[in-house]
Protein chains: 2
Amino acid sequence: MNIGQAATATGLSAKMIRHYEQSGLLQPTQRSEAGYRQYQPKDIEILKFIRRARVLGFSLADIVGLLALWQNPQRSNTVVKQVAQQHLAEVELKLQELHAMKQTLQQMIAQCAADGGAHCAILQHLAKPTRS
Amino acid sequence: MNIGQAATATGLSAKMIRHYEQSGLLQPTQRSEAGYRQYQPKDIEILKFIRRARVLGFSLADIVGLLALWQNPQRSNTVVKQVAQQHLAEVELKLQELHAMKQTLQQMIAQCAADGGAHCAILQHLAKPTRS
DNA sequence: CTTGACCTTGCCATGATGGTAAGGTTCATA
DNA sequence: TATGAACCTTACCATCATGGCAAGGTCAAG
């Protein structure tokens with residue numbers, strides 16, 4: 001299986017698969033005589049694992065750790081849970097920040113007449129916020 | 001007013017103030033004989049405007065436009081509102097993505113015993129999700 | 001005159017991803 | 001058999017906002 005097929009099979013881009021290899025997420029695979037990377041079913045499973053973890057927002061650094069735990073029969077699920085909880089906390093923090101942005105943006109937009117005039121509540125708020 | 005004082009007065013870093021100047025957000029200021037940037041009250045207001053817009057998540061490219069509108073007496077609030085609405089849409093999109101992440105992470109974490117054993121619902125989910 | 005706090009420019013790094021360029025390989029078809 | 005399309009390789013640059021560091025100039029107080 002060449003890298004293009006591995007990309008199709010996993011939903012990743014060939015570019016990213018090479019990047020994951022170079023970043024140490026993935027052991028360098030076998031190569032064909034011509035130097036093409038060859039992917040075995042096991043490699044595909046690892047790539048799918050990476051993709052699912054990326055969808056959940058885990059960083060590549062986190063995923064290095066999760067993969068090591070996954071492949072370690074002596075692992076402790078306590079450690080895995082800690083990694084996930086730490087990431088969840090970061091996600092929740094970003095959610096709060098974005099929510100605050102959304103609230104303020106909605107208020108500003110609601111106060112803007114959009115009648116083509118020069119008076120603008122949005123610019124007023126940015127220039128001298130009445131509430132923060 | 002030197003750049004350090006301007007930074008303190010606006011809550012920005014000196015580094016970023018220089019960056020904003022180089023990025024065209026800010027007209028190059030006057031310089032002292034020694035080449036130190038000199039900030040007038042008007043410059044401080046612009047910097048505060050930039051900071052508030054950054055807090056709301058506007059990109060530097062957006063802020064270039066917002067500053068131009070702010071300083072243009074012939075502006076149309078319709079345009080300003082469009083910029084803000086576009087940005088709000090992006091914020092809402094990211095909120096949705098993060099919310100989906102949070103939901104899945106919470107479910108996975110709830111199913112993890114964290115008893116120090118090797119069995120782990122989190123790794124199971126990443127390896128072969130039962131639901132997505 | 002020295003010292004410490006400030007300023008200058010310039011370069012490199014982050015993190016995940018995309019793009020492009022220059023070149024080699026493989027395979028099907030004309 | 002030759003050619004071209006579709007694939008692969010590596011290497012470099014760009015994104016975006018921000019931080020860090022280094023080497024050097026400036027200023028004010030002691």
Tell me the closest heavy-atom pair linking A:Q38 and A:T29, and the distance in Å.
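Heavy-atom minimum between the residues: O-CB, 3.3 Å.
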Which whole-number value in Å describes the distance from [X] [atom1] to [N] [atom2]?
X     : N      : atom1 : atom2 : answer
B:Q22 : D:dA17 : CD    : P     : 13 Å
A:N2  : D:dC7  : CG    : C1'   : 8 Å
B:L12 : D:dG19 : CG    : C1'   : 14 Å
A:I17 : C:dA16 : CD1   : P     : 16 Å
A:Q5  : D:dC8  : CD    : P     : 7 Å
B:M16 : D:dG19 : CE    : C1'   : 7 Å
A:E90 : C:dG15 : CD    : P     : 12 Å

Within residues 39-65 of chain A, find the residues that approach DNA chain D with a heavy atom at under 4.0 Å, and present them sorted by residue number.
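Within this stretch, nothing sits under 4.0 Å of the strand.
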Distances under 3.5 Å between nitrogen or oxygen atoms of protein and nucleotides 9-12 of chain C:
| from | atom 1 | to | atom 2 | distance (Å) |
| --- | --- | --- | --- | --- |
| C:dT9 | OP1 | B:R31 | NH1 | 3.4 |
| C:dT9 | OP1 | B:R31 | NH2 | 3.1 |
| C:dT9 | OP2 | B:R37 | NH1 | 3.0 |
| C:dT9 | OP2 | B:R37 | NH2 | 2.8 |
| C:dG10 | O6 | B:K15 | NZ | 3.4 |

Find every protein N or O atom lying less than 3.5 Å from an N or O atom of nucleotides 24-27 of chain C, and list the pairs.
| from | atom 1 | to | atom 2 | distance (Å) |
| --- | --- | --- | --- | --- |
| C:dG24 | N2 | A:Y36 | OH | 2.8 |
| C:dT25 | O4' | A:Y36 | OH | 3.2 |

Measure all distances between protein nitrogen or oxygen atoms and nitrogen or oxygen atoms of nucleotides 28-30 of chain D, and list the pairs falling under 3.5 Å.
none

With sequence neighbours left out, which residue pairs that include part of residues 77-109 of chain A fulfil the ring-ring contact (aromatic ring centres under 6.0 Å, His included) condition?
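For residues 77-109 of chain A, and leaving out neighbouring residues, the ring-ring contact (aromatic ring centres under 6.0 Å, His included) pairs sorted by first residue read A:F58-A:H87.
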With sequence neighbours left out, what residues match B:D43 under side-chain hydrogen bond (donor to acceptor under 3.5 Å, both in side chains)?
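With sequence neighbours excluded, B:D43 shows a side-chain hydrogen bond (donor to acceptor under 3.5 Å, both in side chains) to no residue whatsoever.
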Can a donor-acceptor pair be found, under 3.5 Å and without considering hydrogens, that links the side chain of A:R52 to the backbone of B:L126?
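At least one qualifying donor-acceptor pair exists.
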